[in-house]
Number of protein chains: 2
Amino acid sequence: MNSSAPSAEPGTATAVDGAADRRVRADAQRNIDALLTAAAEVFAECGVDAPVRDITKKAGVGTGTLYRHYPQRSDLVAAVYRHEVDACADAAARFAEEYEPVEALVRWLERLQGFFATKRGLASALHSGDPAYENLPAHFRGRFVPALSALLDAAAEAGQIRKDVRPDELLHAVAQISMAAPMLDEGYVDRMTRLLVDGLRYSG
Amino acid sequence: MNSSAPSAEPGTATAVDGAADRRVRADAQRNIDALLTAAAEVFAECGVDAPVRDITKKAGVGTGTLYRHYPQRSDLVAAVYRHEVDACADAAARFAEEYEPVEALVRWLERLQGFFATKRGLASALHSGDPAYENLPAHFRGRFVPALSALLDAAAEAGQIRKDVRPDELLHAVAQISMAAPMLDEGYVDRMTRLLVDGLRYSG
DNA sequence: TGCGTAAGCGGAACAGTGTTCCGTATAGTT
DNA sequence: AACTATACGGAACACTGTTCCGCTTACGCA
């Protein structure tokens, strides 16, 4: 659950995610957690444009409480996003332990694709210029590229896939494919992702 | 000024752009024109998320009038977009008459780039799933690909550029470059577009 | 244990959206 | 000139994000 990002540029946002910064009252931490999980659920169901009040209601919290911890709506969005990026990145290490290299890779790509599935509307937000989103892309790459890189290396080491695929490029491709969702056939994303993995297996 | 699109799928939107469909009162047509130009200006300055009231005020028209002609805000956005796509596409034929092949091509690509410059925020709207935007991409391609194709053919015919560049791909490239604007250096778009044209000239 | 207080809470109120409604004005016809 | 379908304007409505402030409570300290 805990973030593993090295430094969380101080002064940008307010809320405390994991470790204590300077003594946070227990009820406050409880509310922050409730908001984070409620927001994640609401965003997944209705997109990132869901009304703030839907979230506070689901979290059983007043709107004032939300704005105490996240001064802007976009700060909450960014926090949820970081939180889920971290969760997804951490899953890579877990899969690497539990499964053999290629299966770990496949499972993680599915997980990654699931991550994108709950992010409809965020791609637009990213381009909005809101400063709250400014360093989300960097966090995204900073967490995902090493995670994918490790999985690829392990599979390549075992001689199960090619060695000449750059993790950042594969990541970008999966992201592009997963984002293009609307007006496209249901299974499109799955098929394309699978195709990429098969491509990795091909030794030509 | 007039639209050249063949069929304007009936029943989708309401407002009359150019030719009369079934007798439009003179004052109504006047207001539609005022709205269209006012909206274009406001969108260019503030992006497509600009408040409706800014537009009606600039057009000297009540909000009710707007909604009479464009039942939804997005219908107005779509109408302005189509209008400007048409204007830009028509410019291609004009340039082809007035200038020699390559200069006509260059001038039109600049014009196209100017078109994208006034479209900040629309890329996001396109992905929003609003049915009003559903066939805008098709209209975009339907008008721009032939326009660019003609310019490329003429220049290639005159032996001034290569013949192996697909208009749809070049169009896509210019669009991608022109959309990537924020957080990038000022002259980036110009430099990249120019680079593409120089690439066309190169005969290897 | 009990107290004082800073930290935190809730939700009513505010400001700014898109959209609807309806009484009034008028273009085009007879 | 009179008549009426069409169109107009802008106040009012519903729904946003955000602020404000009186009340509550967790927690350090006697």
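Reckoned from all heavy atoms, side chains included, excluding hydrogens, waters and symmetry mates. Every chain is numbered from 1, with letters handed out A, B, ... down the list of sequences.
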Checklist entry - Listed in order of residue number, which residues of residues 39-49 of chain A have a non-hydrogen atom at under 4.0 Å from DNA chain D? => result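 Those residues whose heavy atoms fall under 4.0 Å from DNA chain D, taken from residues 39-49 of chain A, amount to none.
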For [X] and [N], give me the distance from atom [atom1] to atom [atom2], rounded to whole Å.
| X | N | atom1 | atom2 | value |
| --- | --- | --- | --- | --- |
| A:Asp54 | D:dC15 | CG | C1' | 11 Å |
| B:Gln72 | C:dT17 | CD | P | 18 Å |
| A:Leu66 | D:dT18 | CG | P | 9 Å |
| B:Tyr70 | C:dG18 | OH | C1' | 17 Å |
| B:Lys57 | D:dC8 | NZ | P | 20 Å |

Item to check | For the student: nearest non-hydrogen atoms of A:Tyr133 and A:Ala78, plus distance | outcome: CE2-N, 4.2 Å
Checklist outcome for this item: Here the pair of heavy atoms bringing B:Thr56 nearest to B:Gly62 is CG2-O, 4.0 Å
Please determine if [X] and [Y] form a salt bridge, counting it only when a charged side-chain N lies under 4.0 Å from a carboxylate O.
| X | Y | result |
| --- | --- | --- |
| A:Arg143 | A:Asp90 | yes |
| B:Glu98 | B:Arg107 | no |
| A:Glu157 | A:Lys163 | no |

Checklist entry - Judged by atom type as modelled, is there a donor-acceptor pair below 3.5 Å linking the side chain of B:Asp75 to the main-chain atoms of B:Gln72? => result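 Such a contact is found between B:Asp75 side chain and B:Gln72 backbone.
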Item to check | Below 4.0 Å: OP1/OP2 of C:dT20 and any side-chain N or O of B:Tyr67 | outcome: no
Next on the checklist: What does the B/S/- profile of nucleotides 6-16 of chain C look like, 5' to 3', with a 4.0 Å heavy-atom cutoff to protein?
Outcome noted: -BBSBBBB---
Checklist entry - Between A:Phe144 and A:Trp108, is the ring centre distance below 6.0 Å? => result yes
Checklist entry - Looking at SG of B:Cys88 and NE2 of B:His83, how far apart are the two atoms once the value is rounded to the nearest 0.5 Å? => result 13.5 Å
